[in-house]
Amino acid sequence: MAVTSSSFAFEHNLSCLQKGSKEVEQLKQIHARMLKSGLLQDPYAITKFLSFCLSSTSSSYYALHVFQGFDRPDTFLWNLMIRGFSCSDQPQRSLLLYYRMLCSSAPHNAYTFPFLLKACSNLSALEETKQIHAHVTKFGYGDDVYAVNSLINSYAVTGNFNLAHLLFDRIKEPDVVSWNSLIKGYAKSGNMDIALTLFRRMPEKKNAISWTTMISGYVQAGMNKEALQLFHEMQNSDVEPDNVSLANALSACAQLGALQQGKWIHSYVNQRRIIIDSVLACVLIDMYAKCGEMEEALAVFKNVNRKPVQVWTALISGYAYHGHGREAISKFLDMQRMGIKPNAITFTAVLTACSYTGLVEEGKSVFYTMEREYNLKPTIEHCGCMVDLLGRAGLLDEAKRFIQKMPLKPNAVIWGALLKACQIHKNIELGEEIGEVLITMDPYHGGRYVHMANIHAMGKKWDKAAETRRLMKEQGVAKVPGCSTISLEGTTHEFLAGDRSHAEIEEIRNKWRTVRRKLEENGYVPELEDTLLHLVDDEEREAIVHQHSEKLAITYGLMKTKPGTTIRIMKNLRVCKDCHRVTKLISKIYKRDIVMRDRTRFHHFRDGKCSCGDYW
DNA sequence: TTAGGGTTAG
């Protein structure tokens, strides 16, 4: 086969090809040229071409189309296709290809099963795994370490631990992959205790994947402190963290708002000259954004070479929860100009940005482009954003009409968004109506009762408010206690509402009295309307208003940092209205920037104003 | 050939 010159030209064409909207068009042209020049007979060129197509979602169907054109594909090509789809968004294609392969003249080989089982584990498909298990035995691969480990993995990730252990126990000497597969199963299902026990027990030397499996398990279980602890332990071991380990550790930092540790990891990446691939870029951007550093997030974004849709989305999301609606929209337009197709998550991010900033018309137009220009069907999440957008802006009737007209059945999140809007805009009648619906839908969600009781209280219906509170107690649902944290010199100080456990609580309470006096001199009167304060006596009321966790944390920040230093607070719930007002005043009186990360977004306080424009 | 990774609403 004379392939030399045309083969090189072909490889050059592939390497120049830009991923994005025009990709399939360009691949078609290359394919046509291959056909003409006879390259389609060259196994090397075919492999290159198909692998390239399979590496991206938008062109994988084109690979299938080309593959179907072959008269008698050999085992290698079948395997290539099965592997290509196993990690795509359509792993069931791998199984379909396998069944077709069985009917063809090409025999499978030792490589076929691991690829196929990868597809099964991505599909979480138990029945298919069992079927393939039968084939593995039947065709004599029952002792092949790759096939067995892949089976352990598939059983473990589908939660069939008995079957996984059965295979695991039969292996004379399980290798590190066998252990990692088993541990991954427990980690994925949230059984971190069992995963840790196995992890500690494994006699095999742990590798980076073993560590990362545990760290990512903790992150996915929301146990971010444990994740970082294990990451530190990993650094003291003799295994170097790689880009995947670091990406997971960064996710933990993002969730915890642990800026110092996140920065440290970033400098580690730079020092070790670890390549910032698109995944690492995503988590770095997310970490900086969630730690309040949008400039840093933007710097990472600018420095990364390849920017797939996820990287743009990470940045746009960052702008969203910082309330930078215009910037979010501008990046959204930029990415489209670059030929990058937004995905469902991008749209959620842009709509959130519009909703947090009150960009009603822009949000509506983005919502309608979704289906019209990108053929993406709005999901319940997108509808939730729309209800939020309209509701926050006070367009309650329009929000209600939107819910009635939307093609999906409204869930608790949708009604919750409207309820919140009723509370903001003091629409008691509609609020009560929706509150009833929500409590029936979601009887064990504490927040529903709290909203409902607050709406009753707003209408001065004290009996009803008390009744809702009683109902909540009766159902045994507890309100999540408010908790704020402040990080000072690497130590995180945690405050709960009314908490007296802090070592310096007396000093903090004294300082708060001074702060409060200054606030009152500046016209501050506690705002009570959105809490149930009318139901309690004076002393309790005092305790509730003046011991909110964010007030304690800010007071501590004022005590412990030099004048002029920015105070950074994190809160697990939404910041309360009274605390928001107090924080604005403190930023002015004490000339401090205060950055507060609440459950859903950031508030940057400066000189008596908040970046959210009181729109939250 | 087998094991670990990404952005979202409330």
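Since this is a predicted model, take the numbers as computed values, not measurements. Letters go in sequence order (proteins before strands), and every chain restarts at 1.
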Classify the nucleic acid contact of [X] as base, sugar-phosphate or nothing, counting any heavy atom under 4.0 Å across all strands shown.
| X | value |
| --- | --- |
| A:V311 | base |
| A:N207 | base |
| A:A349 | nothing |
| A:F76 | nothing |
| A:Y356 | sugar-phosphate |
| A:N109 | nothing |
| A:N79 | nothing |
| A:K290 | sugar-phosphate |
| A:I380 | nothing |
| A:D242 | base |
| A:S251 | nothing |

Under a 4.0 Å heavy-atom cut-off, which of residues 176-185 of chain A touch DNA chain B?
-> A:V177, A:N180, A:S181, A:K184
Could I get the full list of salt bridge (charged side-chain N to carboxylate O under 4.0 Å, His left out) partners for A:K188, not counting sequence neighbours?
-> none
Test of understanding: with ring-ring contact (aromatic ring centres under 6.0 Å, His included), list the residues that count as partners of [X], not counting sequence neighbours.
| X | answer |
| --- | --- |
| A:Y218 | none |
| A:F199 | A:W211 |
| A:Y368 | none |
| A:H108 | A:F113, A:F139 |

Who passes side-chain contact (heavy atoms from CB on, under 4.5 Å) against A:T600, sequence neighbours left out?
->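 Once residues adjacent in sequence are excluded, the partners of A:T600 under the side-chain contact (heavy atoms from CB on, under 4.5 Å) criterion are A:Y356, A:R574, A:D598.
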5' to 3' on DNA chain B, which nucleotides open and close the contacts with chain A (atom under 4.0 Å from a heavy atom)?
-> B:dT1 to B:dG10
Stepwise, does the salt bridge (charged side-chain N to carboxylate O under 4.0 Å, His left out) test hold for A:E128 with A:K118?
-> CA-CA 11 Å; A:E128 286 76 0; A:K118 177 107 190 165; over 6 Å; no
What residues, two or more places apart in sequence or in another chain, satisfy side chain to side chain donor-acceptor pair (under 3.5 Å) together with A:K290?
-> A:D286
Indicate yes or no for a side-chain donor-acceptor contact from A:T129 to the backbone of A:A125 under 3.5 Å, with no hydrogens or angles considered.
-> yes
